[in-house]
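Worksheet: one structure, shown below.
When a residue number appears, it is its place in the shown sequence, counting from 1.
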Amino acid sequence: MGTANLLKVGIASLAQHKARTMAIAIGEYIPSPDEPRVWFQSLKTLAQGLSDRNRSSLALIAETKPASLTELAERSGRAKSNLSRTLRTMEQYGLVRFEEGEGREVAPRVNDSGVELELSLG
């Protein structure tokens, strides 16, 4: 998948994530650059977001750089509406971004070459 730019993700409950975000906002906590940029609420939500099918779509985007969502749908065999919904969720997690594509369409792009999980046992 090109460069070795890894997206670091972590697992935190909604309450933990809110507390961390508030501490950052009021200056009580400054995250280090090597901390996760994206947080999932559970291993289950991480697994859903990075399912085999979704990872396959990410790889296809990285390899083929489709000019539009329509082109990606044709190449993947997935319905454009389902693919759009899935990629918008991935966009919220920072896994993909959209650029101007053909006409009024958007072109999906992969932000990172992989994902690294940081998981605390405590």
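- When all heavy atoms of Gly94 and Asn111 are compared, the closest pair comes out as O-ND2, 3.0 Å.
- More than 12 heavy-atom neighbours from other residues, nucleotides or ligands sit within 6.0 angstrom of CZ on Arg109.
- In this structure, CD in Glu91 is found 5.0 Å from CZ in Arg88, a value given to the nearest 0.5 Å.
- By the 4.5 Å heavy-atom criterion applied to side chains, Lys80 and Leu69 are counted as neighbours.
- Counting heavy-atom neighbours within 6.0 Å of Glu100 CD, excluding the residue itself, gives a total of 12 or less.
- Remark: Ser42 OG to Ile11 CD1 distance equals 6.5 Å, nearest 0.5 Å.
- Between Thr86 and Asn54 there is a side-chain heavy-atom pair separated by less than 4.5 Å.
- In this structure, Val9 and Leu46 have side chains that are in contact, with non-hydrogen atoms separated by less than 4.5 Å.
- Looking only at side-chain heavy atoms (C-beta outward), Ile61 and Leu87 come within less than 4.5 Å of each other.
- Cluster annotation: Leu117 is not connected to Trp39 through the hydrophobic network of ILVMFWY side chains, with a link wherever side-chain heavy atoms come within less than 4.5 Å.
- Taking CD of Glu63 as the start and CG of Leu58 as the end, the distance is 11.0 Å to the nearest 0.5 Å.
- Between the side chain of Ser76 and the backbone N or O of Leu72, at least one donor-acceptor pair lies under 3.5 Å.
- To the nearest 0.5 Å, atoms CD (Glu71) and OG1 (Thr64) are separated by 6.5 Å.
- Atom CD1 of Ile30 has 12 or fewer neighbouring heavy atoms from other residues, nucleotides or ligands inside a 6.0 Å radius.
- Heavy atoms only, all atoms of each residue included: Pro66 and Ala107 are closest at O-CB, 3.5 Å.
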Quick one, Arg75 with Leu60, criterion side chain to side chain contact (heavy atoms under 4.5 Å, CB included). Give me CA distance, side-chain angles, the key distance, then yes/no. CA-CA 8 Å; Arg75 288 182 178 182; Leu60 186 60; 4.0 Å; yes

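- Annotation: salt bridge (Lys or Arg N to Asp or Glu O under 4.0 Å) contacts involving residues 26-36, sequence neighbours excluded, comprise Arg20-Glu35.
- When each of Leu95, Leu50, Val110 is paired with Met90, the side chain to side chain contact (heavy atoms under 4.5 Å, CB included) condition holds for Leu95 and for no other.
- We find the OG-CD distance between Ser13 and Gln41 to be 7.5 Å, quoted to the nearest 0.5 Å.
- Geometrically, Arg37 does not engage Tyr93 in a cation-pi contact defined by less than 6.0 Å to the ring centre and at most 45° from the axis.
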Is there a side chain to side chain contact (heavy atoms under 4.5 Å, CB included) between Leu6 and Ser113? Walk through the geometry before answering. CA-CA 6 Å; Leu6 297 177; Ser113 62; 4.1 Å; yes

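- Put simply, CG on Leu83 and OG on Ser57 are 5.5 Å apart, with the number rounded to the nearest 0.5 Å.
- Residues Phe40 and Leu43 share a single hydrophobic cluster, defined by chaining ILVMFWY side chains whose heavy atoms lie under 4.5 Å apart.
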